[in-house]
Protein chains: 2
Amino acid sequence: MHPTVAEPTAPFPASTHDHASCRDWILRRAESLCAEKKVRFTPQRREVLEILAASHRALGAYDILEHMHRVERRPPPAAVYRALEFLLALGVIHRMAGRNAYFACTRPEHGRGEIQFWICRRCGVVGETESVVIAGEVPRLAATLGFQVGAVNMEIEGECQACRGC
Amino acid sequence: MHPTVAEPTAPFPASTHDHASCRDWILRRAESLCAEKKVRFTPQRREVLEILAASHRALGAYDILEHMHRVERRPPPAAVYRALEFLLALGVIHRMAGRNAYFACTRPEHGRGEIQFWICRRCGVVGETESVVIAGEVPRLAATLGFQVGAVNMEIEGECQACRGC
DNA sequence: GGTATATTGATACAGTATATCATGTCAAAC
DNA sequence: GTTTGACATGATATACTGTATCAATATACC
């Protein structure tokens with residue numbers, strides 16, 4: 001099972017949170033999910049997740065690439081995209097379509113419902129919520145349209161509490 | 001003021017709707033909005049909107065470019081992007097971030113609330129709704145996060161009624 | 001160890017979008 | 001009617017995002 005530590009962060013990560021343990025939680029969850037699913041958490045995949053888990057910011061694939069400092073040579077873009085694809089499938093990162101950017105998921109368990117991404121346009125930090133109201137409203141709207149729901153993506157851009165204080 | 005014709009289409013455009021008048025409505029609304037705002041609805045901008053209004057599908061910028069048949073030469077990509085930017089600002093088209101695609105807005109008046117985009121993964125047709133429930137839920141969630149909402153983008157991918165019938 | 005599978009490396013390229021500077025067009029002021 | 005200035009477009013180059021393909025390497029399992 002997953003590490004049963006406390007929820008790593010609030011829905012929107014406060015600047016004061018214990019990020020060392022938050023970061024560890026993200027990595028340990030990935031480890032245990034890989035063990036569960038019998039897939040390999042290779043050094044390359046770990047490195048990409050570590051880079052994302054180092055902050056709560058959404059990073060582009062090429063931003064991640066720049067952080068991958070190898071002694072000999074930098075890996076090709078496809079290496080990053082392969083790792084991102086793997087981590088997305090594992091459920092430990094999310095993709096922000098509106099920004100072509102990726103970030104580490106910090107919520108212990110997302111249900112089948114819809115997730116809302118909140119991104120601060122000043123500091124770039126991303127938060128996540130899972131509203132039961134929206135999770136209920138989407139199927140209701142879909143029913144009136146005769147629409148069969150596949151994937152839902154909801155992104156809210158604005159300013160976080162910390163940045164508004166400045 | 002805007003043309004006071006009937007609402008052009010249902011939230012999800014039926015295959016049976018009167019598309020000729022729907023198309024005209026989109027173009028005439030753009031004309032009257034440009035007159036209101038004292039900006040120019042140039043032939044190039046009109047052509048891009050006509051291409052989008054020809055269907056209810058979301059098209060990529062380069063798809064649009066291919067439809068721009070000039071006698072002499074095809075305009076450069078930047079021309080399309082400039083027209084798209086103009087039409088976005090005018091409020092007559094929307095951008096689907098998840099697809100890097102653009103489509104003509106068919107809803108008479110969107111309030112300040114959130115719009116939901118529904119895109120069929122089979123036929124590519126896009127519908128729009130404006131849920132009062134979600135419009136109320138977003139500020140409520142934002143308040144609990146201390147987040148100041150800027151732009152909201154919500155996209156639902158799935159299968160429309162017509163395609164499910166197949 | 002030998003084989004099948006998964007992963008990574010290497011190279012090339014497709015698709016999306018913008019920067020920059022030159023040129024053209026329109027409409028109002030003179 | 002010409003000038004002028006703002007807006008719009010053309011032309012060129014390039015940045016950014018993501019994928020295809022095939023070879024080489026590592027891992028797991030027999």
Side-chain angles (χ1 to χ4, degrees), chain A residues 30-31 33-52 57-90 93-103 124 153 155, chain B residues 30-31 33-52 57-90 93-103 124 153 155:
Chain A
E31 281 169 7
L33 280 170
C34 284
E36 238 175 59
K37 299 190 175 183
K38 302 200 194 310
V39 291
R40 277 150 60 188
F41 194 44
T42 64
Q44 190 156 253
R45 291 165 176 172
R46 169 183 285 273
E47 188 180 8
V48 169
L49 184 58
E50 281 175 349
I51 289 164
L52 290 176
R57 292 182 169 77
L59 298 180
Y62 284 74
D63 295 331
I64 295 166
L65 197 52
E66 281 178 11
H67 283 89
M68 296 184 75
H69 44 288
R70 298 293 181 72
V71 215
E72 335 96 61
R73 200 189 295 201
R74 178 167 294 171
V80 172
Y81 283 103
R82 284 193 280 232
L84 289 171
E85 184 185 12
F86 175 88
L87 297 169
L88 284 167
L90 197 63
I93 68 171
H94 296 300
R95 177 173 194 273
M96 297 203 71
R99 302 199 152 225
N100 300 319
Y102 308 81
F103 68 96
N153 187 272
E155 301 173 9
Chain B
E31 281 169 6
L33 280 171
C34 285
E36 237 176 59
K37 298 191 176 184
K38 302 199 194 313
V39 291
R40 279 152 58 191
F41 195 43
T42 63
Q44 189 156 253
R45 290 166 177 172
R46 168 182 287 273
E47 188 180 8
V48 169
L49 184 58
E50 280 174 347
I51 289 164
L52 289 176
R57 291 181 170 76
L59 298 180
Y62 284 73
D63 295 332
I64 295 167
L65 197 53
E66 280 178 13
H67 283 89
M68 296 185 75
H69 44 288
R70 297 295 181 70
V71 213
E72 333 97 61
R73 198 189 299 199
R74 179 166 293 171
V80 172
Y81 283 103
R82 283 193 280 233
L84 289 171
E85 183 184 16
F86 175 87
L87 297 170
L88 283 168
L90 198 62
I93 68 171
H94 296 298
R95 176 172 196 272
M96 295 204 73
R99 298 198 154 226
N100 300 319
Y102 307 81
F103 67 96
N153 188 273
E155 301 173 9

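In what follows, every chain begins at residue 1, and chains take the letters A, B, ... in the order their sequences are listed.
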Sequence-aligned protein contact record of nucleotides 13-30 of chain D, with B where the base is within under 4.0 Å of a protein heavy atom and S where only the sugar-phosphate is: ----BBBB------S---
Atom CG of L84(B) and atom C1' of dT16(C) are separated, to the nearest Å, by 12 Å
For P76(A), check side chain to side chain contact (heavy atoms under 4.5 Å, CB included) against everything at least two apart and list the hits. A79(A)
Residues which pass side chain to side chain contact (heavy atoms under 4.5 Å, CB included) with R95(A), listed by chain and number, not counting sequence neighbours: L88(A), A97(A), N100(A), Y102(A)
From CG of L88(B) across to C1' of dT16(C) the rounded distance in Å is 15 Å
Sequence neighbours excluded, which residues qualify as side chain to side chain donor-acceptor pair (under 3.5 Å) partners of R57(B)? none
What is the distance from CZ of R74(B) to C1' of dT12(D), rounded to the nearest Å? 17 Å
Short side-chain N/O contact from T42(A) to OP1 or OP2 of dT8(C), under 4.0 Å: yes
Holding to side chain to side chain donor-acceptor pair (under 3.5 Å), I want the full list of residues that pass it with R46(A), two or more places apart in sequence or in another chain. E31(A)
Separation of atom NZ in K37(B) from atom P in dC7(D), rounded to whole Å: 15 Å
Distance in angstrom units between E47(A) CD and dT7(C) P, rounded: 17 Å
Between L59(B) (CG) and dT16(C) (P), how many Å, whole number? 11 Å
Locate the shortest heavy-atom distance separating A83(A) from V48(A); write the atom from each residue and the value. CB-CG2, 3.7 Å
In chain order, what residues pass the side chain to side chain contact (heavy atoms under 4.5 Å, CB included) check against A58(B), with sequence neighbours excluded? M96(B), A101(B), F103(B), I119(B), V126(B)
Roughly how many Å is it from CD1 in I64(B) to P in dG15(C), rounded to a whole number? 16 Å
Can you check the L90(B) CG to dC7(D) C1' distance for me, whole Å? 16 Å
